[in-house]
Student: 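Pasting a structure below so you can have a look.
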Amino acid sequence: IWVRSASTDFRVTSEFGVVRSLSEGQFWVTKTATDLTALATSTDVELLPRGSHETLLVSQGLQNTLGQIGFNGKAATGLPMTIPFKDLCLRWGRLYKGPKAEFEAAIARFRQTWEEAAEAAAEINKAVFDRKVASVEDAARANAEKQAKADAENQALRAMFRRRNGL
């Protein structure tokens with residue numbers, strides 16, 4: 001759905017959670033059987049996942065997803081990503097009822113916002129990637145230490161066995 005909100009607290013509710021506008025403006029909500037995606041075009045939106053007290057801010061030009069409810073009773077959440085520009089333009093163009101010049105101006109304004117959001121999303125995703133790499137490196141280091149300790153204990157047990165049996 002394409003939401004053009006004239007209030008600062010317009011809400012779209014689904015089984016995955018709530019999407020709430022933070023100011024007057026436009027945003028999109030796409031729902032499938034497995035998730036709900038909010039696309040912030042001309043207003044920031046807030047996602048309130050079902051079963052959770054946290055809120056996720058989706059800045060203009062970005063999108064985020066709420067997924068199915070897990071065993072912990074909370075809806076899964078995604079990472080902020082850049083809105084697929086071409087797809088949005090096609091959908092928006094099919095629904096737009098004003099003059100072509102107005103639509104082109106709206107797309108041009110959104111493109112500026114979208115480009116800034118793409119840079120912000122890249123920084124967010126780089127930070128997440130760096131954390132995952134560090135986590136994998138820490139796990140590999142811990143496994144190597146565990147293996148070295150097990151090897152040392154095994155060598156000590158073999159040496160003790162040889163001493164006791166006179167080998």
Student: Which atoms form the tightest heavy-atom contact between Thr113 and Gly61, and what is the distance?
Tutor: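 Thr113 and Gly61 have their closest heavy atoms at CG2-N, 4.0 Å.
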
Student: Quick one: do Val58 and Val3 end up in the same hydrophobic cluster if we chain Ile, Leu, Val, Met, Phe, Trp and Tyr together by side-chain heavy atoms under 4.5 Å apart?
Tutor: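 Yes; tracing contacts between hydrophobic side chains, which count when under 4.5 Å, links both residues.
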
Student: How long is the straight-line distance from CZ of Phe27 back to OG of Ser5, given to the nearest 0.5 Å?
Tutor: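 That separation rounds to 6.0 Å.
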
Student: Can a side-chain donor-acceptor contact be found between Thr32 and Asp35 if the only test is distance below 3.5 angstrom?
Tutor: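 Side chains of Asp35 and Thr32: pair found under 3.5 Å.
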
Student: Side-chain donor-acceptor pair under 3.5 Å between Asp151 and Gln147, yes or no?
Tutor: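 Note: Asp151 and Gln147 side chains meet the donor-acceptor criterion.
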
Student: Identify the heavy atoms of Arg91 and Leu39 that sit nearest to each other, and give their distance.
Tutor: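 Nearest heavy atoms, Arg91 then Leu39: NH2-CD2, 4.5 Å.
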
Student: Decide if atom CD of Glu115 counts as having more than 12 heavy atoms of other residues, nucleotides or ligands within a radius under 6.0 Å.
Tutor: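 For Glu115, atom CD is crowded (more than 12 foreign heavy atoms under 6.0 Å).
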
Student: So Arg20 and Leu22, do their side chains get closer than 4.5 Å, heavy atoms only?
Tutor: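 In contact.
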
Student: Side chains of Leu36 and Val29: does their closest heavy-atom pair fall under 4.5 Å?
Tutor: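 A side-chain contact under 4.5 Å exists here.
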
Student: Please give me the minimum heavy-atom distance between Val45 and Ala38, naming the atom from each residue.
Tutor: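 Nearest pair, atom of Val45 first, then Ala38: CG2-CB, 4.3 Å.
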
Student: State whether a side-chain donor-acceptor pair under 3.5 Å links Thr37 with Thr30.
Tutor: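 No, Thr30 and Thr37 have no side-chain donor paired with an acceptor closer than 3.5 Å.
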
Student: Of all the heavy-atom pairs spanning Arg11 and Leu48, show the shortest one and how long it is.
Tutor: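 Looking at all heavy atoms of both residues, the closest pair is NH1-CD1, 3.8 Å.
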
Student: Of the non-hydrogen atoms in Leu62 and Ala121, which two are nearest, and what is the gap between them?
Tutor: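 Closest heavy-atom pair between Leu62 and Ala121: CD2-CB, 3.7 Å.
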
Student: Say whether, by atom type as modelled, one donor and one acceptor occur between the side chain of Trp114 and the main chain of Ile83 under 3.5 angstrom.
Tutor: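 Pair found, side chain donor or acceptor close to backbone of Ile83.
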
Student: Can you tell whether the side chains of Glu15 and Lys31 come within less than 4.0 Å, N to carboxylate O?
Tutor: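 Salt bridge present between Glu15 and Lys31.
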
Student: Could you walk me through whether Leu47 and Thr55 pass side chain to side chain contact (heavy atoms under 4.5 Å, CB included), step by step?
Tutor: CA-CA 6 Å; Leu47 298 180; Thr55 60; over 6 Å; no

Student: So do Trp28 and Ile1 actually touch side chain to side chain, heavy atoms under 4.5 Å?
Tutor: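 No, their side chains stay 4.5 Å or more apart.
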
Student: Under 4.0 Å between a Lys/Arg side-chain N and an Asp/Glu carboxylate O for Asp130 and Lys126?
Tutor: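 So Asp130 pairs with Lys126 through a salt bridge.
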
Student: Would you please test Glu123 and Asn125 for side chain to side chain contact (heavy atoms under 4.5 Å, CB included) and show each step?
Tutor: CA-CA 6 Å; Glu123 291 174 15; Asn125 291 330; over 6 Å; no

Student: With a 3.5 Å distance limit and no angle check, can you tell me whether Ser21 reaches the backbone of Phe10 through a side-chain donor-acceptor pair?
Tutor: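 Looks like yes, one N/O pair under 3.5 Å.
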
Student: Can you measure from CZ (Arg4) to CG (Leu95) and round to the nearest 0.5 angstrom?
Tutor: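 Atom-to-atom, Arg4:CZ and Leu95:CG are 9.0 Å apart.
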
Student: Would you say the side-chain atoms of Asp44 pair up with the backbone N or O of Gln60, donor to acceptor, closer than 3.5 Å?
Tutor: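 Checked: pair present.
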
Student: With rounding to the nearest 0.5 Å, note down the distance linking OH in Tyr96 to CZ in Phe103.
Tutor: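 Between Tyr96 OH and Phe103 CZ, I get 8.0 Å after rounding to 0.5 Å.
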
Student: Please say whether the positively charged group of Arg94, taken as NZ for Lys or CZ for Arg, lies over the ring of Trp92, i.e. under 6.0 angstrom from the six-membered ring centre and within 45 degrees of the axis.
Tutor: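 Relative to the ring axis of Trp92, which defines the angle, Arg94 lies outside at least one limit.
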
Student: Identify the two heavy atoms, one from Gly67 and one from Ala75, that lie closest to each other, and give their separation to 0.1 Å.
Tutor: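 Shortest heavy-atom separation between Gly67 and Ala75 comes out as O-CB, 3.5 Å.
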
Student: Calculate, to the nearest 0.5 Å, the distance between atoms OG and CD1 belonging to Ser59 and Ile124 respectively.
Tutor: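 Answer rounded to 0.5 Å: 7.0 Å.
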
Student: Between atom CZ of Arg109 and atom OG1 of Thr41, what is the distance when rounded to the nearest 0.5 Å?
Tutor: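 These two atoms lie 11.0 Å from each other.
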
Student: For the residue pair Leu66 and Thr77, establish whether any side-chain heavy-atom pair is separated by less than 4.5 Å.
Tutor: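 They are in side-chain contact.
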
Student: Rounded at 0.5 Å granularity, tell me how far CG in Leu88 sits from CD in Gln63.
Tutor: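 Here the rounded value is 9.5 Å.
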
Student: Do Asn143 and Glu145 have side chains that approach each other closer than 4.5 Å (heavy atoms only, starting at C-beta)?
Tutor: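 Side-chain contact under 4.5 Å: no.
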
